[in-house]
Amino acid sequence: MKTFATLLAFAAMTMATSLSAQTKTETSADDLYTVDIPQEWVSDSASKSLFNIMSISTLDGAAMIINATKTPLPLKQAYKTLVEAVSKNKDYSGYSVIGEGDSSVGGQECKWICCSYTAEGQAMKAKQYALRNGKRLYYIQYHLSADIFDEYSAQFDQVIGTISFK
């Protein structure tokens, strides 16, 4: 058993090393945070006076969005608003919560929720994070078809784990 644990730890270290060697660092348009993404992925960032959006896409179209906005909304209320926006969306049916909890992103406390729903006849899953950093509220989310969600979820969560606030 000890040998298996050692092999597992070595495999995890090797994977982390190879992934970090194949990433690039992207900076938000407002220069408030950075995120490391796989070299072949594409990102686009736009900034307006009240919000900033960064879209990150894989080569086959799976996408994650980081949305930052200036708002005095407390984290708990922001999270509630996030959950209501998805659960009450008239374009979604069969909404159900898969899991939710507390975590941290970039050293900031956050709340997350994972849910499933149907949109335009397509089974979907989504994971969404809400967090505050200073005067900004960040929503980080990815919505994927249910059949590829598990494939990309770990990768997107790893990318989210690289977010660093300036």
Would you say that more than 12 heavy atoms from the other residues, nucleotides or ligands in this model lie under 6.0 Å from the CD of Q122, or not? yes
Heavy-atom side-chain proximity of T27 to K166 below 4.5 angstrom: yes
Which heavy atom in R132 sits nearest to a heavy atom in P72, and how many Å separate them? NH1-C, 4.2 Å
Quick check: do V159 and V35 have side-chain heavy atoms less than 4.5 Å from each other? yes
Give me the atom names and distance for the closest heavy-atom approach of D147 to S145. OD1-OG, 2.5 Å
Reported OH-to-OG distance for the pair Y142 and S153, which is rounded to 0.5 angstrom: 3.0 Å
To the nearest 0.5 Å, what is the distance between CG (L131) and CG (L137)? 7.5 Å
Could I get the full list of side chain to side chain contact (heavy atoms under 4.5 Å, CB included) partners for S103, not counting sequence neighbours? C110, W112
Once you round to the nearest 0.5 Å, how far does OG1 of T118 lie from CE of M124? 9.5 Å
Y139 and F165: same hydrophobic cluster, using ILVMFWY side-chain contacts below 4.5 Å? no
With the side chain counted from C-beta on, respond yes when E26 and M54 share a heavy-atom pair under 4.5 Å apart, and no when they do not. yes
Linking I/L/V/M/F/W/Y whenever their side-chain heavy atoms sit closer than 4.5 Å, directly or via other members, would V42 and M64 fall into one cluster? no
Angle between ring planes, H143 versus Y117, binned at 30° and 60°: parallel, tilted or perpendicular? perpendicular
Roughly how far apart are Q141 CD and I65 CD1, rounded to 0.5 Å? 6.0 Å
Would you say that Q128 contacts I140 through its side chain, given a criterion of any heavy-atom pair below 4.5 Å between the two side chains? no
State whether the number of non-hydrogen atoms from other residues, nucleotides or ligands found under 6.0 Å of E151 atom CD is greater than 12. yes
Please evaluate residues Q155 and W41 with respect to the criterion side-chain contact (heavy atoms from CB on, under 4.5 Å), reporting the C-alpha separation (whole Å), side-chain torsions for both, the decisive distance (0.1 Å), and the verdict. CA-CA 11 Å; Q155 286 180 295; W41 290 14; 4.0 Å; yes
Quick one: does I160's side chain get under 4.5 Å of D157's, heavy atoms only? yes
If you take all heavy atoms of A29 and S45, which pair is closest and at what distance? N-OG, 2.8 Å
Of all heavy-atom pairs between R136 and L32, which one has the smallest distance, and what is that distance? NE-CD1, 2.8 Å
For L144 and F149 the tightest heavy-atom approach is CD1-CA, 4.0 Å
Do I98 and K125 pass the side-chain contact (heavy atoms from CB on, under 4.5 Å) test, and can you show the C-alpha distance, the side-chain angles, and the key distance before you say yes or no? CA-CA 9 Å; I98 298 169; K125 289 185 179 178; 4.1 Å; yes
Does any donor atom in the side chain of Y79 or E100 lie under 3.5 Å from an acceptor atom in the other side chain? yes
To the nearest 0.5 Å, how far apart are CD in Q108 and OH in Y129? 15.0 Å
Closest approach of A68 to Y138 (non-hydrogen atoms, all atoms of both residues): CB-CE2, 3.3 Å
Side-chain touch I37/T25, heavy atoms, less than 4.5 angstrom: no
Salt-bridge test for D36 and K24: reply yes if a basic N is under 4.0 Å from a carboxylate O, no otherwise. no
To the closest 0.5 Å, what do you measure between CG (L75) and NZ (K80)? 14.0 Å
Could you tell me whether the side chain of I56 reaches within less than 4.5 Å of the side chain of I66, counting heavy atoms only? yes
Is the shortest side-chain heavy-atom distance between K135 and T71 below 4.5 Å? no
